[in-house]
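Shown next, in structure tokens, is the structure this report addresses.
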Amino acid sequence: MKKSVGWCTSALACIFFAAVAQSAARAAGLLVADGGLGGKLSIVEQDVHVTVNNGIAVTQIDQVFLNTENRIVEALYTFPVPNGASVSNFTMVINGKEMIGEVVEKQRAREIYDSYKAKRRDPGLLEQVDYKSFELRVFPIAAGAEQRISITYYQRLDVDHNQATYVYPLATTTAGSLDTKTSGKFGFTIDLKSEIPIIELVSPSHRDDFVVSQPTPNYTRASLEVTEGDLSKDVVINFELQRPKTGIDLVTAKQAGQEGYFMLSMTAGKELEETMAGMDYVFVVDISGSMADDGKLNLSRTAVLGFIEALSGEDRFEVMTFNTSPNLQFGALQAVDGEAKKQSQKFLLDQRARGGTALRPAISTAYKFKDKDRPLNVVVLSDGMSDVTEQSELLAAINAAPSGTRVFCIGIGNDINRPLLKQLAENAGGLAAFISHQDDFSRQAQAFRRKLMRPVATNVRIQLDGVEAFDIANEQLPDLYYGAPIGMIGRYKKAGVSQVTVTAEILGQPFEQKLELSFPEIALENPEIERMWAFQRVEELMNQLRQNQLQRGTDNSRLVEQIVQLCESYSIVSEYASFIVLENDAEYERWSIKRRNLSRAGRDREAQAALREELSKLREDSIARLGPTTETPGPAPVNAQAVDRVNTMPKSSTPVPSTVTDARSRNLDFFPSDNSSGGSVSGGGAIDPITGLLAAGVAGASAWAARRKRSKP
């Protein structure tokens, strides 16, 4: 059940992109006979269907392959998934029947798979190879036979400054020089449903291939279908929503009689946009040998020059390159003027990618530029391939950042150490970002720059009382930046109204506000929240494990056990657990493998089917309204899962307590629309808005702190 306080956004503080240079990219998602030792399997067709609802994207990939060899082969299928995505289902068609996979501890799964290979039976194995790629093995595929497979993964999309990006990653260097086209159909469909009206949906990667329709202001569909489709570059979808209001979103999942799951996020909207005073920036550019691949260094140059061009006259900056040691351009912070920009362009164009990667000396050098009277932003552009032996020192250096310093990491390339860059940025109160080369880079760069220039709130805390919330992942919230939502995901024991307390510092001044949110007894529309909670917990345990591995003598067996237990219980692939598909139910029973995913996938499919039926009805209603009619058109259909919004109108300097009219669904805006009556303006996506609560608090604190800051000598 969606409970949108403000509007529908994702719950993460970090923006995840995937970067790669198109000219050197090769296709992912190809089956290779015998692991690439001979022959190939042609791609008969590939069909991708993406549904985005409540800020959650569900991607289902169906592929049919043909064994062109005159022999039985084992097939190796290598593919990336977007950063932050959880592979949630793997199925194969065996003897005309779809068999749903189950997650098993990785070594055991491999042993089971190998035992079937000797008997030439029909197993399938999906493993996470490392932090950036997955491998799927299928055996046997008979000579001249087709094999159909299906993979599903979930991810939370980040909405930034009323814009969001979905990336279907195809470009990678893992597949060698294989054929990158389907012999038949390549189809891609995305259904986007949003509580906030959708202004535009475009594909910068396939601009001329997509057909876009919009049955209602809150629902848009885009699709492409081509023969001999090109699988050598990412499919990128950008969509823009009406500008958000500051508020909190809540999405829940709960079966009757069981504990519930929730995903809560907080977004700073237009109301908190505040131009900050001058700030200092040190751009730290990786020029190690790994940056020579796939145009990474060129992309870094473009990014830095774009950021410098957008700085204000009150800002100062320095540019530093590094491989095994740092190299400064100026040696001191420079005012932003035409000559400094020109010199920076020449400095970056003269750089060549070579040598090793040593981030720690570069980070430590950047800290030396901290002025006690000005904030310092350290912006690192790197693929994060730091030497493993150095990572513990690097993490220590990040944790020792001077007060008033934030580290921002921009990942360059698909072959990047995302966990390291993300951890570095979050430990220093900053953000991490990754961008696809097929995306609109100038738009993404501007969005990231806004975060550097407009931190809204620090030391943010959200406390939930009354519903017995527990097992909260990412409970330690990062700073809130304009346009970048932050949030938490966890579980709750009791349905009912929760007293929510939000505390923070806004421009250095304390802020506290209380509000109410309703947690339902039954919420079946978003069962994927359960798996996404488990995925976040696994990510936290993996981060802890990586830190422990840098310390000799640490016993990590308990951490690994917890990771495997979560993966098996919630059907999640990780570096310690894999999906395995067996020939029939009896084989699962023979190996004592519980059919957890069979049950979970069934619930997920029921929810997806209900959503597809709803969207189909919207399309049919839209078509029915075409052409002449003698009837007076009625109101647009209202989603049965619609969200109630509680607007928080500043009718006086004292916040007014809100009244709960519907315990099933709550939606709180911190700030009002322009409708003086207190109702929702056109396109707000709200049902029965109620005045009250948070308006004056945050706005007043922000305005007062800004005036006080400007009045200082």
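Not measured: the values here are computed from a predicted model.
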Compare all side-chain heavy atoms of [X] with those of [Y] and state whether any distance is below 4.5 angstrom.
{"X": "M532", "Y": "S86", "answer": "no"}
{"X": "R110", "Y": "S578", "answer": "no"}
{"X": "W591", "Y": "V104", "answer": "no"}
{"X": "M291", "Y": "S300", "answer": "yes"}
{"X": "N238", "Y": "P204", "answer": "yes"}
{"X": "Q562", "Y": "Q544", "answer": "no"}
{"X": "F90", "Y": "N597", "answer": "no"}
{"X": "M263", "Y": "W533", "answer": "no"}

Rounded to the nearest 0.5 Å, how far apart are [atom1] of [X] and [atom2] of [Y]?
{"X": "R531", "Y": "Y261", "atom1": "CZ", "atom2": "OH", "value": "11.5 Å"}
{"X": "I61", "Y": "H49", "atom1": "CD1", "atom2": "NE2", "value": "13.0 Å"}
{"X": "L297", "Y": "D286", "atom1": "CG", "atom2": "CG", "value": "8.5 Å"}
{"X": "I112", "Y": "Q107", "atom1": "CD1", "atom2": "CD", "value": "10.5 Å"}
{"X": "E98", "Y": "S150", "atom1": "CD", "atom2": "OG", "value": "6.5 Å"}
{"X": "E530", "Y": "T252", "atom1": "CD", "atom2": "OG1", "value": "11.0 Å"}

Treating [X] as the side-chain partner and [Y] as the backbone partner, does any N or O pair qualify as donor plus acceptor under 3.5 Å?
{"X": "S203", "Y": "V236", "result": "yes"}
{"X": "N67", "Y": "A145", "result": "no"}
{"X": "N584", "Y": "A586", "result": "yes"}
{"X": "S88", "Y": "T152", "result": "yes"}
{"X": "R537", "Y": "L566", "result": "no"}
{"X": "E102", "Y": "R596", "result": "yes"}
{"X": "E105", "Y": "R108", "result": "yes"}
{"X": "K594", "Y": "E568", "result": "no"}

Salt bridge check, [Y] against [X]: does any charged N sit closer than 4.0 Å to a carboxylate O?
{"X": "E74", "Y": "R137", "result": "yes"}
{"X": "K193", "Y": "E525", "result": "no"}
{"X": "R148", "Y": "D62", "result": "no"}
{"X": "E606", "Y": "R603", "result": "no"}

Inset, instruction - Verify whether one side chain among N53 and T51 offers a donor that lies under 3.5 Å from an acceptor in the other. - result: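 On atom types as modelled, these side chains do not qualify, holding no pair under 3.5 Å.
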
Inset, instruction - Please check if any side-chain donor atom of Y116 sits under 3.5 Å from a side-chain acceptor atom of E583, or the reverse. - result: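 Absent: no donor and acceptor within the cut-off.
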
Restricting to non-hydrogen atoms, name the atom on [X] and the atom on [Y] that form the minimum distance, rounded to 0.1 Å.
{"X": "I72", "Y": "F139", "value": "CG2-CE1, 4.2 Å"}
{"X": "P527", "Y": "A253", "value": "CA-CB, 4.2 Å"}
{"X": "S288", "Y": "A353", "value": "O-CB, 3.3 Å"}
{"X": "V581", "Y": "T91", "value": "CG2-CA, 4.4 Å"}
{"X": "I94", "Y": "L582", "value": "CD1-O, 3.9 Å"}
{"X": "P169", "Y": "D234", "value": "CA-OD1, 3.4 Å"}

Legend entry - By salt bridge (charged side-chain N to carboxylate O under 4.0 Å, His left out) - contacts of E561 (at least two apart):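 Expected list: R558.
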
Legend entry - For V251, the option from L264, I489, I529 that meets side-chain contact (heavy atoms from CB on, under 4.5 Å):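 The option that passes is I529.
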
Legend entry - Neighbour count above 12 (heavy atom, 6.0 Å) for Q565 CD: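 No.
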
Legend entry - Whether over 12 other heavy atoms sit under 6.0 Å from E540 CD: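 Yes, the 6.0 Å shell around CD holds more than 12 heavy atoms from other groups.
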
Legend entry - Geometric cation-pi criterion, R595 with Y588: 6.0 Å, 45°: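 Yes, R595 sits over the ring of Y588.
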
Inset, instruction - Evaluate the side-chain contact (heavy atoms from CB on, under 4.5 Å) criterion for residues L545 and Y576: first the C-alpha distance (whole Å), next the side-chain angles of each, then the deciding distance (0.1 Å), finally the verdict. - result: CA-CA 12 Å; L545 183 63; Y576 293 94; 3.1 Å; yes

Inset, instruction - Would you check if the distance from the ring center of F210 to the ring center of F188 is below 6.0 Å? - result: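 Distance test on ring centres: under 6.0 Å, yes.
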
Inset, instruction - Apply side-chain contact (heavy atoms from CB on, under 4.5 Å) to the pair D604 and Y154, showing each step before the final yes or no. - result: CA-CA 11 Å; D604 290 0; Y154 299 151; 2.6 Å; yes

Inset, instruction - Using the side-chain contact (heavy atoms from CB on, under 4.5 Å) rule, take E575 and Q128 through it: C-alpha gap first, then chi angles, then the decisive distance, then the call. - result: CA-CA 5 Å; E575 295 180 40; Q128 182 172 343; 3.9 Å; yes

Inset, instruction - Please test V103 against Y570 for side-chain contact (heavy atoms from CB on, under 4.5 Å), starting from the C-alpha separation and ending with a verdict. - result: CA-CA 8 Å; V103 173; Y570 290 86; over 6 Å; no

